[in-house]
Amino acid sequence: NAGVMQNPRHLVRRRGQEARLRCSPMKGHSHVYWYRQLPEEGLKFMVYLQKENIIDESGMPKERFSAEFPKEGPSILRIQQVVRGDSAAYFCASSPVKGTGVRTEFFGPGTRLTVL
Amino acid sequence: EDQVTQSPEALRLQEGESSSLNCSYTVSGLRGLFWYRQDPGKGPEFLFTLYSAGEEKEKERLKATLTKKESFLHITAPKPEDSATYLCAVQGDDYGQNFVFGPGTRLSVLP
């Protein structure tokens, strides 16, 4: 009865490198959400995906950030040319219900990205 | 724009000292209000969903209530293991129906 899985749990990158964060939703869940939590700040919505579709990316920075949820495999949040300001905890959540209905989101343990 | 505030920012209680955390929200058409618990270095853990004013839910020492403008998380006779950050989130009709989280209340329960 595995919950939402994220890896890696900790990721260190130098400025200019790429960061790839992976998320496997709970069994039976086909909706994935990515959030960012900056130190001393609340969780901020980034993107909502279903299999092979980006439903809402209104919270994603316009540049360097992208997300995908392929038919097979985990969801990927990709950050290109990382900068120090990208250092944060990135959380993935999943839900079993359609995004237009009331849903409960279950969170993974997060990936803590540190940019040197 | 949907907004969520939480108070107090931090709360220290003695073991057994009951108290309440507040979550105030402004949302167009509330679909659901959610409480989560977050331990340091971990992801948020789901506690409750409330759908309409007047609704209450309980789990062990926690009880969540909802009005049209705010929600309270009541903690009865807390124990040190209740120490965590408690997050409130709302899902409304606007903002793409995505969750909007409050900044959280950091609770410390001293033995």
Side-chain angles (χ1 to χ4, degrees), chain A residues 2-10 21 23-26 29 31-50 54-60 67 88-114, chain B residues 1-10 21 23-25 27-53 55 57 59 64 66 71 84-106:
Chain A
V4 178
M5 296 196 295
Q6 291 186 249
N7 65 82
R9 295 293 308 277
H10 300 273
L21 289 61
C23 168
S24 297
M26 286 179 71
H29 290 191
H31 305 266
V32 166
Y33 315 84
W34 285 93
Y35 291 82
R36 178 164 63 176
Q37 189 172 42
L38 293 166
E40 305 304 321
E41 291 190 21
L43 284 159
K44 302 293 184 188
F45 167 80
M46 298 181 74
V47 62
Y48 160 37
L49 310 106
Q50 293 180 25
I54 296 174
I55 306 302
D56 184 345
E57 55 183 350
S58 58
M60 288 276 270
Y90 292 83
F91 291 96
C92 168
S94 71
S95 73
V97 228
K98 287 184 179 180
T100 52
V102 180
R103 62 178 187 262
T104 296
E105 297 182 9
F106 297 90
F107 283 80
T111 293
R112 275 143 192 89
L113 173 65
T114 302
Chain B
E1 182 179 319
D2 298 349
Q3 289 189 327
V4 180
T5 59
Q6 292 187 246
S7 62
E9 184 177 323
L21 313 182
C23 169
S24 295
Y25 63 90
V27 66
S28 172
L30 180 72
R31 287 174 173 259
L33 184 141
F34 306 82
W35 282 99
Y36 288 84
R37 168 194 171 128
Q38 187 175 24
D39 292 297
K42 296 189 176 181
E45 174 189 343
F46 171 74
L47 294 174
F48 302 108
T49 305
L50 301 167
Y51 298 98
S52 57
E55 189 175 1
K57 290 206 175 159
K59 179 181 179 181
L66 180 64
S71 176
T85 295
Y86 289 85
L87 303 171
C88 169
V90 297
Q91 182 191 9
D93 286 334
D94 282 346
Y95 200 57
Q97 300 163 21
N98 297 309
F99 278 29
V100 176
F101 276 86
T105 292
R106 285 192 311 277

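Here is how names work: the chains are called A, B, and so on, in the same order as the sequence lines, proteins then strands, and each is numbered from 1.
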Open item on the list: Please classify the contact of Q37(A) with chain B as side chain, backbone, both or neither, using a heavy-atom distance under 4.5 Å.
Closed with: side chain

Task: Contact list for residues 38-50 of chain B, test salt bridge (charged side-chain N to carboxylate O under 4.0 Å, His left out), sequence neighbours left out - done: R37(B)-D39(B)

- [ ] Give the member of G104(B), G41(B), G102(B) that has the highest number of heavy-atom pairs under 4.5 Å with chain A.
- [x] G41(B)

Task: Flag for Y33(A)-S94(A): side-chain donor and acceptor within less than 3.5 Å - done: no

Open item on the list: For Y36(B), give me all partners under side-chain hydrogen bond (donor to acceptor under 3.5 Å, both in side chains), at least two apart in sequence or on another chain.
Closed with: none

Open item on the list: Do Y48(A) and H31(A) have side chains that approach each other closer than 4.5 Å (heavy atoms only, starting at C-beta)?
Closed with: yes

Task: Portion of Q38(B) that has a non-hydrogen atom of chain A nearer than 4.5 angstrom - done: side chain

